[in-house]
Asker: 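Structure incoming, see below.
Quick caveat, the model's predicted, so the values are computed rather than measured. Atoms within each ligand, like the ligands themselves, are counted from 1 in listed order. Because only heavy atoms are used, hydrogens play no part in the values below, and waters and symmetry mates are left out as well, while side chains stay in.
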Amino acid sequence: MSNKTITLINNSDGRKTELPLYKGTIGPEVMDIGKLYSEMGIFTFDPGFLATGSCRSSITYIDGDKGKLWYRGYPIEQLAEHAKFLEVAYLLLYGELPSVDELAKFEHIITHHSMLNETLKNFFDGFHYNAHPMAVMVGVVGSLSAFYHDSLDVNNPRHREISAHRMIAKMPTIAAASYKHNIGEPLVYPRNDLDYCANFLHMMFATPCEEYIPDPVATKAVNLLFILHADHEQNASTSTVRLAGSSHANPFACLASGIASLWGPSHGGANEAVLDMLNKIGDAANVDKFILKAKDPNDPFRLMGFGHRVYKNHDPRATIIRKVCHELLDSMTDSDNPTFELALKLEEVALSDEYFVERKLYPNVDFYSGIIYRALNIPRSMFTVMFAIARTVGWMAHWMEMMDDPDQRIGRPRQIYTGHDLRDYVPMDKR
Ligand code: ACO
């Protein structure tokens with residue numbers, strides 16, 4: 001930690017304070033404003049946390065100006081090319097890549113926690129048949145705290161680890177069950193001979209009527225997409241999980257709140273919204289019209305899958321997915337994919353338009369992920385659910401890191417109050 005400070009002077013009353021400046025391994029310096037109120041009597045104001053760090057974290061590093069994303073120091077490009085999803089999950093949870101034995105043990109634990117309590121299956125029947133799978137996910141994941149009383153002591157590191165294993169193991173089963181409920185098919189049990197991604201595809205697409213063999217191309221694509229979505233430092237849903245957990249709420253409740261936040265179209269819901277948008281645009285001839293709508297400040301329409309709070313150069317995940325989109329669609333018999341062609345056209349027009357260039361609006365990870373999922377026959381309503389399965393690893397890693405952090409306190413932002421000044425109660429007959 002450096003001894004650097006920054007001096008702050010309030011010009012209206014002359015009060016002065018020295019605030020410590022911190023530096024992480026890499027990245028900009030950070031001013032510690034913890035003493036600001038006690039010493040200067042003022043709060044900071046930063047809606048949307050544009051310039052506010054909420055914690056110390058050693059999990060993921062992003063340089064938005066240079067388009068860099070690292071998990072525990074490893075660039076996303078290398079992990080995407082070489083790693084298995086559960087290997088990345090281990091890395092995010094424990095900080096190091098696993099040895100052969102460590103990975104085998106971890107895979108064994110995750111595989112052997114993938115079944116759901118039979119009673120939990122009744123929960124799915126409580127939802128209307130056409131409930132959105134994300135709505136079901138929020139409810140079912142939240143309900144897990146009613147099942148695991150044996151390991152709910154959030155102050156016990158071993159209990160926290162068991163909860164993380166359970167969540168990572170059960171998310172694909174819950175996700176596939178939400179889908180099966182939605183289409184009226186029987187829930188499919190996990191298979192322990194399949195790896196994480198193949199097992200998910202099995203639970204999504206198998207039926208009791210015939211054998212299902214997961215397609216290796218589809219399994220590889222899911223593995224890649226899960227790695228790319230596994231963590232992204234203090235994004236909205238991860239911050240939601242941390243804030244919920246800061247009150248020492250149980251991890252299942254925290255995760256349910258993260259899933260709810262992820263569902264919003266400005267965050268993980270964007271992958272579903274991108275396909276809706278592409279369907280609405282329909283044809284390359286309509287692209288210019290929609291670009292005009294996106295630029296119109298009086299029109300709420302935005303180009304979904306474009307722009308990012310942190311990336312102001314390119315989203316490295318989008319670069320990887322774009323390439324895989326090409327390879328995957330080329331390897332499929334239906335290589336003439338009009339949706340992908342339309343997406344490429346939209347991207348080309350937007351990237352040469354001054355409005356998007358000036359604002360540094362580039363395609364983000366979700367611009368292409370839906371196109372891949374669609375090519376794999378994953379229904380649109382499941383796109384954000386796929387994101388949630390992968391991000392569960394990041395959510396749990398952040399929750400465990402937060403619970404271990406000696407600086408951890410309940411999250412409690414302040415505000416600028418803009419309501420009435422003090423006034424007296426007016427009796428009903430005088431209003
Ligand atoms: N289409 C058109 N204009 C846009 C878009 C877009 N997709 N995104 C931002 N802008 C414009 C804004 O209108 C604003 O213009 P102005 O300066 O003239 O007012 C400017 O670019 C800056 O945008 P902000 O909304 O201030 O940027 P912010 O960082 O708050 O929002 C966000 C980032 C939410 C991702 C935004 O770009 C967006 O809504 N994109 C579409 C939804 C999306 O794809 N979300 C997924 C993000 S990735 C993820 O969560 C996995």
Side-chain angles (χ1 to χ4, degrees), residues 45-52 60 62 64-65 67 69 71 76 80 134 224-241 258-278 280-281 287-322 343 346-373 380 382-395 398:
F45 183 59
D46 183 19
F49 306 113
L50 290 161
T52 299
T60 288
I62 301 175
D65 295 325
L69 169 61
Y71 292 165
I76 192 68
M134 280 299 276
L224 172 79
L225 287 166
F226 280 4
I227 289 174
L228 298 182
H229 283 96
D231 193 42
H232 213 232
E233 51 120 302
Q234 311 308 323
N235 58 86
S237 55
T238 303
S239 298
T240 303
V241 170
I259 296 170
S261 166
L262 184 76
W263 193 8
S266 297
H267 189 13
N271 52 15
E272 192 178 339
V274 168
L275 269 225
D276 285 339
M277 175 189 73
L278 291 172
K280 226 185 268 168
I281 297 175
V287 163
D288 289 342
K289 195 173 83 191
F290 279 85
I291 292 276
L292 279 178
K293 270 168 77 61
K295 295 187 323 186
D296 181 353
N298 300 316
D299 190 326
F301 175 77
R302 282 189 162 198
L303 272 199
M304 299 315 286
F306 262 75
H308 197 275
R309 168 59 62 76
V310 182
Y311 293 121
K312 301 299 174 193
N313 180 317
H314 69 275
D315 179 339
R317 303 165 301 172
T319 310
I320 297 169
I321 299 194
R322 189 182 195 274
L346 186 64
E347 180 193 27
E348 182 194 317
V349 176
L351 292 184
S352 56
D353 190 294
E354 206 180 314
Y355 173 96
F356 292 89
V357 175
E358 249 176 27
R359 289 168 179 76
K360 300 184 174 171
L361 299 170
Y362 294 87
N364 59 50
V365 66
D366 284 330
F367 191 63
Y368 305 106
S369 61
I371 295 169
I372 298 192
Y373 284 139
R380 204 181 314 169
M382 285 296 288
F383 291 178
T384 314
V385 177
M386 304 292 286
F387 193 155
I389 297 173
R391 187 54 60 85
T392 294
V393 170
W395 290 330
H398 280 272

Asker: Parallel, tilted or perpendicular for Tyr373 and Phe383, by the 30°/60° rule?
Answerer: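 Judged by the thresholds at 30° and 60°, the geometry between Tyr373 and Phe383 is tilted.
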Asker: Write down the atom of Trp395, the atom of Gly258, and the distance for their closest heavy-atom approach.
Answerer: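 Closest approach of Trp395 to Gly258: CZ2-O, 3.7 Å.
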Asker: Distance under 4.0 Å, heavy atoms only, partner ligand 1: which residues pass?
Answerer: Pro265, Ser266, His267, Ala270, Ala294, Arg302, Leu303, Met304, Gly305, Phe306, Gly307, His308, Arg309, Tyr355, Arg359, Leu361, Asn364, Val365, Asp366, Phe387
Asker: Can you give me the closest heavy-atom contact between Lys295 and Tyr355, atom names plus distance?
Answerer: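 Between these two residues, the closest heavy atoms are CD-CB, 3.4 Å.
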Asker: In terms of side-chain geometry, is the basic nitrogen of Asp65 or Lys312 positioned less than 4.0 Å from the acidic oxygen of its partner?
Answerer: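 Salt bridge: no.
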Asker: I'd like to check Val241 versus Arg391 (side-chain heavy atoms, cut-off strictly below 4.5 Å). Are they in contact?
Answerer: no
Asker: Side chains of Tyr71 and Asp231: does their closest heavy-atom pair fall under 4.5 Å?
Answerer: yes
